[in-house]
Amino acid sequence: MSDPHGQQGAETVDGELNVKAIVYSGIGTVVVTIVSMILVWWLFQGFRKLENAQDPKPSALPEAAEKLIPPSPRLELSPPENLKELRDREQAVLDSPAWIDQAQGTVRLPIDLALDVVARRGLGQASPAEPAEPSPANPATAATPEPSAAAPTAATPPDGGAH
């Protein structure tokens, strides 16, 4: 009792395909894929519940809800922009006049103006250096020096009071 086409069970003769086996293999692959996806989804749900259970509950205090800024030095988000901002601030300080100590009349001048002032007035007169006292060769003839009223006690600032 042979098959008129020469087929016996799942075997094929003359290069014909077994469609029934291909369909069963496809259905099996789809079922295994769906079951795997369901198992992985269930596993991730379990991980999410475990993670939520391990997280501490948020504090009711408003101080605890504040974002903490880490201590310095912190990472720069954009170093070239930070450097440009620093250079701009430094240039603004160099180019603008300001009081350093208004009570003493000390002013910070822009560099160009300060150079012009120094060029016109000069650096001022240097205070004369006090001569060193000679050591006496003969203690009998050495007299104790008396303080001179004409000796300067402190260097005098240049005219104008601008520093």
Side-chain angles (χ1 to χ4, degrees), residues 22 25-163:
I22 294 174
S25 296
I27 290 173
T29 303
V30 169
V31 167
V32 168
T33 303
I34 290 174
V35 168
S36 298
M37 290 173 62
I38 291 172
L39 287 175
V40 168
W41 175 81
W42 177 74
L43 183 67
F44 276 107
Q45 293 301 319
F47 285 150
R48 183 175 294 132
K49 287 179 184 177
L50 180 65
E51 183 180 359
N52 289 339
Q54 290 178 350
D55 282 343
K57 301 292 181 212
S59 175
L61 298 174
E63 294 85 21
E66 293 178 6
K67 291 185 89 175
L68 297 177
I69 298 175
S72 294
R74 292 182 290 275
L75 293 177
E76 295 180 354
L77 298 178
S78 58
E81 291 176 12
N82 292 350
L83 182 61
K84 184 181 181 309
E85 291 173 9
L86 174 68
R87 300 299 165 126
D88 290 344
R89 286 192 308 262
E90 289 175 342
Q91 194 62 42
V93 167
L94 290 175
D95 291 342
S96 63
W99 284 104
I100 293 176
D101 187 1
Q102 193 169 5
Q104 291 183 349
T106 307
V107 178
R108 181 185 69 227
L109 296 176
I111 288 181
D112 296 336
L113 181 59
L115 289 174
D116 291 341
V117 168
V118 169
R120 279 188 280 132
R121 292 186 183 172
L123 291 175
Q125 300 297 326
S127 60
E130 295 183 17
E133 295 182 19
S135 60
N138 186 355
T141 60
T144 58
E146 296 179 7
S148 171
T153 57
T156 57
D159 297 338
H163 295 267

Sorted by chain and residue number, the side-chain contact (heavy atoms from CB on, under 4.5 Å) partners of Val35 (sequence neighbours excluded) come out as Val31, Leu39
Less than 4.5 Å apart, any side-chain heavy atom of Arg121 and any of Val118? no
If every non-hydrogen atom of Leu109 is compared with every non-hydrogen atom of Val117, which pair is closest and at what distance? CD1-CG2, 4.4 Å
Filter on salt bridge (charged side-chain N to carboxylate O under 4.0 Å, His left out), then keep only pairs touching residues 27-54, sequence neighbours left out; what's left? none
List in chain and number order the residues that pass side chain to side chain donor-acceptor pair (under 3.5 Å) with Glu85, two or more places apart in sequence or in another chain; answer none if no residue qualifies. none
side-chain contact (heavy atoms from CB on, under 4.5 Å) with Glu90: which residues, sequence neighbours excluded? Leu86, Arg87
Identify, with sequence neighbours excluded, every residue that meets side-chain contact (heavy atoms from CB on, under 4.5 Å) alongside Ile69. Arg74
Verdict with reasoning, Glu76 to Leu83, per side-chain contact (heavy atoms from CB on, under 4.5 Å): CA-CA 10 Å; Glu76 295 180 354; Leu83 182 61; over 6 Å; no
Closest non-hydrogen atom pair between Pro110 and Ser96, with its separation: CG-C, 4.1 Å
Asp88: partners by salt bridge (Lys or Arg N to Asp or Glu O under 4.0 Å), with sequence neighbours left out: Lys84
Find out whether Trp99 and Val107 are in side-chain contact, i.e. whether some heavy atom of one side chain is under 4.5 Å from a heavy atom of the other. yes
Once side chain to side chain donor-acceptor pair (under 3.5 Å) is applied, do any residues pair with Asp95, and if so which ones, sequence neighbours excluded? Gln91
Would you say that more than 12 heavy atoms from the other residues, nucleotides or ligands in this model lie under 6.0 Å from the CD1 of Ile22, or not? yes
Contacts satisfying side-chain hydrogen bond (donor to acceptor under 3.5 Å, both in side chains) that involve residues 33-44 (not counting sequence neighbours) are none
Sequence neighbours excluded, which residues qualify as side chain to side chain donor-acceptor pair (under 3.5 Å) partners of Glu81? Ser78
My understanding is that only residues two or more places apart in sequence, or in another chain, count here; which of them pass side-chain contact (heavy atoms from CB on, under 4.5 Å) with Ile34? Val30, Ile38
